[in-house]
Number of protein chains: 2
Amino acid sequence: MSKAFIAGAGTTAFGSFPDRTGRELFAEAGRVALDDAGLSPDAVDEVYYGNFVGTLAENQGHQGPLAAEALGTTAPSRRIESACASSGLAVRDAVRAVRSGEADLVVAGGMERMSNMGTAGATDGLARAADDLFEIRAGVTFPAAYALMARAYFETFGGDREDLAAIAVKNHDNALANDHAHLQESIAVEDVLEAPAIAAPLGLYDACPISDGAAAVVLASPAYAAEHDLDAGVAVTGSGHGGDTMALQDRDSLATTPATREAAVTAYDEAGIDPDDVDLAEVHDCFTIAEVLALEGLGLYGYGEAIGAAARGDTRRDGSLPVNLSGGLKAKGHPVGATGAAQIAAVSSLLEGTHPRSDALEDATVGVAHNAGGTVASATVHVLEVVA
Amino acid sequence: MSKAFIAGAGTTAFGSFPDRTGRELFAEAGRVALDDAGLSPDAVDEVYYGNFVGTLAENQGHQGPLAAEALGTTAPSRRIESACASSGLAVRDAVRAVRSGEADLVVAGGMERMSNMGTAGATDGLARAADDLFEIRAGVTFPAAYALMARAYFETFGGDREDLAAIAVKNHDNALANDHAHLQESIAVEDVLEAPAIAAPLGLYDACPISDGAAAVVLASPAYAAEHDLDAGVAVTGSGHGGDTMALQDRDSLATTPATREAAVTAYDEAGIDPDDVDLAEVHDCFTIAEVLALEGLGLYGYGEAIGAAARGDTRRDGSLPVNLSGGLKAKGHPVGATGAAQIAAVSSLLEGTHPRSDALEDATVGVAHNAGGTVASATVHVLEVVA
């Protein structure tokens, strides 16, 4: 399987920007990414754009052409929506376009803007990532769905709120060095344990914030990168995608995430690596329990074994496998449609040595990015490797 | 460029079904398509699903996994949204997945359900296909945007309302044989001319209806089709995608559609055909003027030359190039997210000889399907050919 080089990457700051339009946010991220690649918009063959609820937040469908225009091109574009995995999937489909030879140079990214919807509006919007008929109308909120998964995990494998709190503390700590992070504040395990309950066992600090922001990566075929002498030291060497039932009630277990496993197996196989080869990971920690489920789905830990990883220090930045050095969704923020692309951008810069947390790494050559939609009814996994 | 065989196709009836859920509609179309292919859901590698405003109409995002479940699988899925071109693009990306060798058997389709939104709600939803900031907030409705294009066309190339009326009459007439058509009523030129104005020069009968419905096609790689002895006599031999500015104000001309041209050039080139080789076409006639713009964008007529085609009889079913034998969006109906896939299904069955209007064709071997998003800010073109 051929590679897709990451020629450039860019993100906006993540935070609450109710007065900035989605097109303005994506223009900023996209232009940073193109500048990083040293390319003009004319070079772009196609645009892959992830967005979840722009139809509600900005009365705007058909956002592909707007995303392309924000970059300065009318190249063919599409919007890909898979809830919180929208731009992980946008990157995946862009990688496939490059690998198949149908495009040489593509931009993949995404944007979300939800702060202008208000808390009730954003909660209502996020509920659309779950099954409206069989979950939401039954009274399940999105945090409640993850709380059910946390309870199932505790019952199946053990663990407690302190184990989860250590994940929040770790990711907040990592975000302190990230100027673009939504939450830059140091927290302690006690803060997490004493925070208001959202849906037991999850409290306020177990949840990521509702963020606005955008992210973009520029992907190039090996031939294009060579011909244009692009400075691309990292490539996507594996890409996987998995699916599961939409509603939790239809699954055999709520304590594991088969969609993540399916995506990981494909991605590792394409890259020709084993979980043991992975030096760092950015995983989808929309809630603290989600980081545990992700690490196990990715095979980086056995089932039931990731729950104590942060508390033990394994996944901290001085541990054996640093996870969410960017701060993760938990502290960096989670502009839904931008998250997957932002993870790829983070892994790329961490491997290249240009990320503020790169100093935590020694001889890191393989990174993984994991993006999940809804309660992991969809998931993408990308393997990035240093290639130059 | 390798082919993608059309192993099966299915659509629901198109009409007003406010009490049928989207998942129910897509399940019907998808199961018909899989049955037509003689395959079980277990055979499906991936699902590509087009939908425009389900986030509004059914409070439902993340529809990819629901579409897959409707088929009876948890295979990886994505929702692709490009306004009215959503499932044309879903088919395109599915074709690419098959051609690249990354999937052997995929289902591509789409669904829309808008009748439950009421007329005001549907009008509001459809407006999201245009630029909210620079068109809709300025008072442009979606029909008004096409009315501007019709006026620009008349001023640039000539033509009048009677020319457009002949298109409506033709497409209504074609739909009389189509049991699944939303509008099965014969109309005369006078009916069109005397209908209430919607946005001058367009009247009620220049516009397609707001429809509910779903469509799906099953695409197979040549190797898979051979190995499983699939009865697939038609293949997609060319696929193209074009882009343009979102807002009309940013275009050099409103009388031509460069996105359609871009998509057509790619599709013909891949298939190794010229416009002269095309035996029939299903084109995106959301308004009568759109059929004219499509035929010229497709190069089937020179610029300024398609306006009289229906009135002259050229594009009628006994003419030299039958267009919209299914009834088109105009009379078959336009469930937005389903339309592109329904066009592919129609061309496939017309070429195979199984469509009620196949008897209008003699030795037809090459068909074209054209799907447009918004005011043709995006467009897809597929070439289908008889291969067995």
Side-chain angles (χ1 to χ4, degrees), chain A residues 21 23 46-47 51-56 58-66 68-69 73-85 89 93 96-97 99-102 124-125 127-133 136-137 240-247 250 258-259 262-263 373-374 377-378, chain B residues 21 23 46-47 51-53 55-56 58-66 68-69 73-85 89 92-93 96-97 99-102 124-125 127-133 136-137 240-247 250 258-259 262-263 373-374 377-378:
Chain A
T21 62
R23 62 189 88 188
E46 296 186 350
V47 178
N51 175 266
F52 177 40
V53 292
T55 309
L56 297 169
E58 300 197 291
N59 298 323
Q60 190 64 66
H62 208 194
Q63 294 174 67
L66 283 179
E69 276 188 78
T73 175
T74 55
S77 60
R78 72 263 285 147
R79 170 186 170 214
I80 293 179
E81 188 268 306
S82 198
C84 315
L89 196 49
D93 284 355
R96 293 172 91 171
R99 290 198 303 207
S100 72
E102 300 218 13
D124 190 43
R128 285 165 169 79
D131 190 319
D132 182 64
L133 283 186
I136 301 305
R137 294 194 192 193
H241 181 197
D244 202 347
T245 68
M246 185 74 157
D250 294 320
E262 180 183 6
S378 60
Chain B
T21 62
R23 64 189 86 188
E46 295 186 351
V47 179
N51 174 267
F52 177 39
V53 293
T55 309
L56 297 169
E58 301 197 291
N59 298 324
Q60 190 64 66
H62 207 194
Q63 293 174 69
L66 283 180
E69 276 187 77
T73 173
T74 54
S77 60
R78 70 265 284 148
R79 170 187 169 211
I80 292 180
E81 189 268 307
S82 197
C84 316
L89 197 49
R92 172 169 169 72
D93 285 356
R96 293 172 91 172
R99 291 198 303 208
S100 72
E102 300 218 13
D124 189 43
R128 286 166 168 78
D131 190 319
D132 182 65
L133 283 185
I136 302 305
R137 293 195 193 193
H241 181 198
D244 203 347
T245 68
M246 184 75 158
D250 294 320
E262 181 184 7
S378 61

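Every chain is numbered from 1 and lettered A, B, ... according to where its sequence line falls, protein lines coming before strand lines.
Only the side chain of A:D250 comes within less than 4.5 Å of a heavy atom in chain B; its backbone stays farther off. Looking at B:L89, the atoms closer than 4.5 Å to chain A (heavy atoms on both sides) all sit in the side chain, from C-beta outward. Using a 4.5 Å cut-off between heavy atoms, B:E262 touches chain A through its side chain atoms alone. Interface residue A:T21: only side-chain heavy atoms are found under 4.5 Å from chain B. In this structure, the portions of A:A377 lying under 4.5 Å from any heavy atom of chain B include both its backbone and its side chain. Of the two parts of A:S82, the backbone and the side chain both hold a non-hydrogen atom closer than 4.5 Å to a non-hydrogen atom of chain B. A:A130 touches chain B through its backbone: at least one of N, CA, C or O sits under 4.5 Å from a heavy atom, while the side chain does not. A:E46 touches chain B through its side chain: at least one heavy atom from C-beta onward sits under 4.5 Å away, while N, CA, C and O do not.
Between the side chain of B:R79 and the backbone N or O of A:E81 there is no donor-acceptor pair closer than 3.5 Å.
The most heavy-atom pairs under 4.5 Å with chain A, out of B:I80, B:D93, B:N51, B:V53, come from B:D93. Ranked by heavy-atom pairs under 4.5 Å with chain B, the first of A:A263, A:G374, A:S77 is A:S77. For the set B:A75, B:G243, B:P76, the count of heavy-atom pairs under 4.5 angstrom toward chain A peaks at B:P76. If you tally non-hydrogen atom pairs under 4.5 Å between each of A:R96, A:Q63, A:E69 and chain B, the highest count goes to A:R96. Of the listed residues (B:D124, B:V47, B:L66), the one with the most heavy-atom contacts under 4.5 Å to chain A is B:L66. The candidate from A:A129, A:G64, A:A97, A:A68 with the greatest count of non-hydrogen atom pairs under 4.5 Å with chain B is A:A129.
A pairwise comparison of heavy atoms in A:T74 and B:D244 identifies CG2-C, 3.8 Å as the closest pair. Closest non-hydrogen pair, B:S100 versus A:S100, comes out as CB-CB, 3.7 Å.
With a 4.5 Å cut-off on side-chain heavy atoms, B:Q60 and A:M246 count as touching. Between A:N59 and B:I136 the shortest side-chain heavy-atom distance does not fall below 4.5 Å. With a 4.5 Å cut-off on side-chain heavy atoms, B:H62 and A:S378 count as touching.
To the nearest 0.5 Å, atoms NE2 (B:H241) and CZ (A:R78) are separated by 5.5 Å.
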(message) Between A:L133 and B:R23, is the side chain to side chain contact (heavy atoms under 4.5 Å, CB included) condition met? List the steps.
(response) CA-CA 10 Å; A:L133 283 186; B:R23 64 189 86 188; 3.6 Å; yes
